[in-house]
Amino acid sequence: MTLRITWAEASARRLERQSLTVPAAAGTPVAEVVGAMLGAHAQVLSAAEVSVGVRVDGVTRADVRAALWEHRTLVKTYGPRGTLHLLPAAELPFWSSALGAIPTGPSPFATDVRLSAARADEVIAAIGDALDGAYLTIDELGDAVVARTGPWAGELVMPAFQTMWPRWRQVMHRAGQRGALSFGPNRGRKVTYTRPPRFEPLAADAALATLVRRYLRAYGPATAAHFAKWLAAPRGWAGELFASAAVAGEIEEAEFAGGPAWVVAGDTDFPSEPVRGVRLLPYFDAYAIAAQPRETLFPGAAYERALAGGQAGNFPVLLVDGVVAGVWHQRRRGRRTTVTVEPLRRLTAARERELATRASRVGEVLQAEAELVIGKVTAGAHA
């Protein structure tokens with residue numbers, strides 16, 4: 001008999017597994033929580049700090065930075081969709097192989113600009129050698145790469161942001177995937193790079209199978225198309241990957257959102273109680289990006305207000321009973337930060353009190369004293 005899963009059940013389990021229903025206990029390693037999220041988007045580091053902090057009791061941005069720069073249990077590098085993520089250092093063998101196995105389209109660079117496979121490998125090896133035990137700025141790294149390869153690597157041939165970048169920079173994300181490069185702490189206003197802890201990559205097939213299971217455990221039930229969207233990968237390739245996992249008995253089919261979807265084989269227990277309460281998620285929070293179907297997570301006016309052309313993550317979001325019901329932003333001045341929430345529905349007095357607690361927690365994560373401001377409501381229903 002086909003397992004039937006409702007949105008309320010799926011939402012409740014996803015939030016529970018994301019430590020958003022009840023935060024993980026104080027003392028839980030931040031790398032463990034980041035692993036359950038399948039990485040914390042870190043294009044803006046403060047957003048990643050809030051993503052992690054709201055999931056673990058007592059954690060602040062200082063704890064996240066200590067995990068990154070002191071204990072090195074987290075690594076800031078190129079993750080899903082080629083964007084910057086915090087990933088557990090212990091999981092790099094899996095992530096490196098899985099991300100490197102995702103098919104990519106043709107190179108966007110002209111033939112005389114792009115690197116051959118052999119020269120790309122040479123540059124990646126040079127990056128890893130230069131960064132071993134060192135923290136270098138982009139200019140310092142460029143000089144080191146050119147010194148180890150040749151002048152061709154430093155030729156300014158890549159159009160980028162109204163300027164030209166040296167040829168070697170077109171493989172920086174691949175260097176990150178292969179474990180030759182990760183981000184280090186800023187040196188003043190300048191970004192630095194270093195080499196992450198060394199590791200032995202998993203076989204590609206095993207890494208991809210692990211990625212499917214990990215994704216479905218965190219965000220299932222889901223379809224191959226949902227998985228492809230999350231990874232920015234080809235749908236056909238994702239479909240074949242899921243079909244192979246189904247044949248191997250690693251995943252099983254369920255009915256969800258009016259059609260077939262998948263869960264990890266045997267992972268069929270769901271909470272009986274629906275999600276209640278309010279939560280604040282920052283820019284590009286993993287849950288807001290990965291949970292599908294997006295039309296249900298962002299119902300009605302939320303789809304227009306909290307998405308940018310259908311793309312999740314560009315706005316911090318207010319969740320009410322597990323769905324997006326507004327946006328928010330914060331402005332910091334010294335030791336104080338103002339958290340302004342713009343709900344799409346009027347909040348009850350009880351929910352406003354809960355929201356004040358959530359805003360206070362955001363302030364604690366950022367090591368600031370938070371003041372909540374509830375902005376103008378743009379729709380009339382109560383929440």
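It should be emphasised that the depicted structure is a prediction, and the values quoted were computed from it without experimental measurement.
- Met172 and Leu92 fall into different hydrophobic clusters, where Ile, Leu, Val, Met, Phe, Trp and Tyr are joined by side-chain heavy atoms under 4.5 Å apart, directly or via other members.
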Please walk me through it: do Arg13 and Asp267 pass salt bridge (Lys or Arg N to Asp or Glu O under 4.0 Å)? CA-CA 11 Å; Arg13 192 171 85 167; Asp267 187 25; 3.3 Å; yes
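- Residues Trp95 and Leu38 are in side-chain contact: their nearest non-hydrogen atoms beyond the backbone lie under 4.5 Å apart.
- Within the 4.5 Å cutoff, no side-chain heavy atoms of Asp63 are placed close to those of Val56.
- Side-chain atoms of Ser182 and Thr194, non-hydrogen and from C-beta on, do get closer than 4.5 Å to each other.
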Walk me through whether Ile127 and Val123 qualify under side-chain contact (heavy atoms from CB on, under 4.5 Å). CA-CA 6 Å; Ile127 290 172; Val123 168; 3.9 Å; yes
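- Residues Leu84 and Val52 are members of separate hydrophobic clusters, defined by side-chain heavy-atom contacts under 4.5 angstrom among Ile, Leu, Val, Met, Phe, Trp and Tyr.
- The CD atom of Glu49 lies 8.5 Å from the CD atom of Gln367; values are rounded to the nearest 0.5 Å.
- In this pair, Phe256 and Trp7 present their aromatic rings parallel. The plane angle is below 30°, not in the 30 to 60° band.
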Go through the steps to decide whether Arg167 and Asp112 satisfy the test salt bridge (Lys or Arg N to Asp or Glu O under 4.0 Å), and finish with yes or no. CA-CA 10 Å; Arg167 189 189 307 274; Asp112 61 340; over 6 Å; no
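- Distance check: Ile374 CD1 to Arg351 CZ gives 12.5 Å after rounding to the nearest 0.5 Å.
- Judged purely by distance below 3.5 Å, without hydrogens or angles, the side chains of Tyr193 and Glu140 never pair a donor atom with an acceptor atom.
- With rounding to the nearest 0.5 Å, the separation of CG in Leu15 from OH in Tyr287 is 4.0 Å.
- One distance of note links NZ of Lys190 with CD1 of Ile138; it measures 11.5 Å at 0.5 Å rounding.
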Decide yes or no on salt bridge (Lys or Arg N to Asp or Glu O under 4.0 Å) for Glu342 and Arg305, but give the supporting numbers first. CA-CA 10 Å; Glu342 301 174 16; Arg305 179 65 184 91; 2.9 Å; yes
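- Side-chain contact, Gln170 with Arg114: no donor N or O sits under 3.5 Å from an acceptor N or O.
- For the residue pair Ser96 and Gln177, no side-chain donor N or O sits within less than 3.5 Å of a side-chain acceptor on the partner.
- Going from atom CD1 of Ile251 over to atom CZ of Phe242 covers 5.5 Å, rounded to the nearest 0.5 Å.
- Between Phe227 and Tyr215, the ring-plane angle classifies as perpendicular under the 30° and 60° cut-offs.
- Using a 4.5 Å heavy-atom threshold, the side chains of Val324 and Leu307 count as separate.
- In this structure, the side chains of Tyr78 and Thr83 stay at 4.5 Å or more apart for every pair of heavy atoms.
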